[in-house]
Amino acid sequence: MHGTILTLLKRYVQTQYDHSTWLKLTELAGLESVEFDHRTVYPDEHIYALVGHAAEMTGLSAGELHEKFGEYLVPDLMYMYQKLLDPNWKTLDMLEHTELTMHKQVRAEHIDNSPPVLEVNRLGIDELMIDYVSPRRMGGLAVGIVRGVAAYYDEADRIDVMPTTSEDGERVRIHVRRR
Ligand code: HEM
């Protein structure tokens, strides 16, 4: 997993909880000696272990935690890849272009980067469907990112996000509609 996601997870835990919670988490995950930086690609097991223990500690499910963290990630991701954003985009346009602009760029930056392939179908001016398929089973993160994008464009109160998750969690279909 991209180091940016892990450094943001660290900051999320430090700001939403506190620094000692982060230390406790890394200890429980057996990662106390790992320094996270945004240039390194880390094994996926690191994020699974951190989120798994964070869920136990907070009493939230891993899915709920992914969702909150996904929302939190958006302003930083937008800032980092701002050159790829068209100033005329709003929530649905940005979601429509994620796969062929932002995620494409992420893949080109490092051979080990593998953001999920998002199949996005624009159903109309105010409606689209995202099909998320990933063996990482981080659909909650995808849902959180969608909510975060709506908040970023100041459309959170008009955007309905309706996810349906497959039983094994590998597929999430997210219906997004603007009222
Ligand atoms: C500015 C827009 C975005 C940027 C810059 C971005 C960037 C990234 C990066 C760097 C990763 C880590 C990839 C890796 O470590 O291999 C990632 C993963 C991910 N992205 Fe995006 N992303 C964006 C928008 C979105 C959107 C709109 C969604 C969902 C609708 C999404 C869903 C995900 C998920 C769920 C993952 C976790 C990995 C997985 O499930 O396989 N991203 N993204």
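Just so you know, ligand 1 is whichever comes first in the structure, and atom 1 is the first atom listed for that ligand.
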Query raised in the report: Can you tell me the protein heavy atom closest to atom 24 (C) of ligand 1 and the distance?
Result: Thr98 CG2, 3.4 Å
Query raised in the report: Does an N or O anywhere in Ser134 fall below 3.5 Å from an N or O of ligand 1?
Result: yes
Report summary line: heavy-atom search around atom 32 (C) of ligand 1 in the protein gives Ile145 CD1, 3.7 Å
Query raised in the report: Of all the heavy atoms in Asn113, does at least one lie under 4.0 Å from an atom in ligand 1?
Result: yes
Report task. Mind checking side-chain contact (heavy atoms from CB on, under 4.5 Å) for Leu118 and listing every partner two or more places apart, or none if nothing turns up? Result -> Thr98, Glu99, His103, Pro116, Val120, Ile130, Tyr132
Query raised in the report: In the protein, which heavy atom is nearest to atom 30 (C) of ligand 1, and how far is it?
Result: Val146 CG2, 3.6 Å
Query raised in the report: Looking only at side chains, do Thr91 and Glu155 share a donor and an acceptor under 3.5 Å apart?
Result: yes
Report summary line: So the atoms of ligand 1 within less than 4.0 Å of a heavy atom of Met94 turn out to be 1 (C), 2 (C)
Query - Proximity to ligand 1 by part of Arg137, non-hydrogen separation under 4.0 Å - result: neither
Report task. State, yes or no, whether a side-chain contact exists between Val176 and Ile159 at a heavy-atom distance under 4.5 Å. Result -> yes
Query raised in the report: Does Met80 have a non-hydrogen atom less than 4.0 Å from ligand 1?
Result: no
Requested in this report: Kindly indicate whether the side chain of Ile174, heavy atoms from C-beta on, has any atom under 4.5 Å from the side chain of Val161.
Outcome: yes
**Report entry** Asp37 side-chain N/O to Thr40 backbone N/O, donor-acceptor pair under 3.5 Å
**Finding:** yes
Report summary line: Near Met78 (heavy-atom distance under 4.0 Å), the atoms of ligand 1 are 1 (C)
Query raised in the report: Considering only heavy atoms from C-beta outward, does the side chain of Met129 approach that of Glu119 to under 4.5 Å?
Result: no
Query - Under 4.0 Å to a heavy atom of Tyr132 - the qualifying atoms of ligand 1, by number - result: 35 (C), 39 (C), 40 (O)
**Report entry** Nearest-neighbour protein heavy atom for atom 11 (C) of ligand 1, which is reported as residue plus atom name and distance
**Finding:** Ile5 CD1, 3.9 Å
Query - Asp154 atom CG, neighbour heavy-atom count above 12 within 6.0 Å - result: no
Query - For atom 16 (O) of ligand 1, the protein heavy atom that lies nearest, with its residue and separation - result: Ser114 N, 2.6 Å
Query raised in the report: Is any side-chain heavy atom of Tyr17 less than 4.5 Å from a side-chain heavy atom of Trp22?
Result: no
Report task. Using the six-membered ring wherever Trp is involved, compare the ring planes of Trp89 and His97 and label them parallel, tilted or perpendicular (cut-offs 30° and 60°). Result -> parallel
Query raised in the report: Taking non-hydrogen atoms only, is His2 closer than 4.0 angstrom to ligand 1 via side chain, backbone, both or neither?
Result: both
Query raised in the report: Hey, does Asn113 have a side-chain heavy atom less than 4.5 Å from the side chain of Val41?
Result: yes
Query raised in the report: Any idea which atoms of ligand 1 are less than 4.0 Å away from a heavy-atom of Tyr81?
Result: 5 (C)
Query raised in the report: Less than 3.5 Å between some nitrogen or oxygen of Arg136 and one of ligand 1, yes or no?
Result: yes
Query raised in the report: Which atoms of ligand 1 sit under 4.0 Å from any heavy atom of Val106?
Result: 7 (C), 10 (C)
Query - Protein residue, atom and distance nearest to atom 37 (C) of ligand 1, heavy-atom basis - result: Leu141 CD2, 3.6 Å
Requested in this report: Determine whether Val117 and Arg107 make a side-chain contact, defined as any pair of heavy atoms from C-beta on separated by less than 4.5 Å.
Outcome: yes
Query raised in the report: Is the closest side-chain heavy-atom distance between Arg136 and Ile47 below 4.5 Å?
Result: no
**Report entry** Structural part of Leu95 in contact with ligand 1, heavy atom criterion under 4.0 angstrom
**Finding:** side chain
Query raised in the report: Quick one: does ligand 1 sit under 4.0 Å from the side chain of Thr4, the backbone, both or neither, non-hydrogen atoms only?
Result: neither
Query raised in the report: So, Arg137 side chain and Gly169 main chain: donor-acceptor pair closer than 3.5 Å or not?
Result: no
Query raised in the report: Looking only at protein heavy atoms, which one is nearest to atom 36 (C) of ligand 1, and how far off is it?
Result: Pro116 CD, 3.5 Å
Report task. Run the numbers for me: atoms of ligand 1, each under 4.0 Å from some heavy atom of Met138, listed by number. Result -> 35 (C), 40 (O)
Query - Residue His103 atom name (nearest to atom 21 (Fe) of ligand 1; N/O/S) - result: NE2
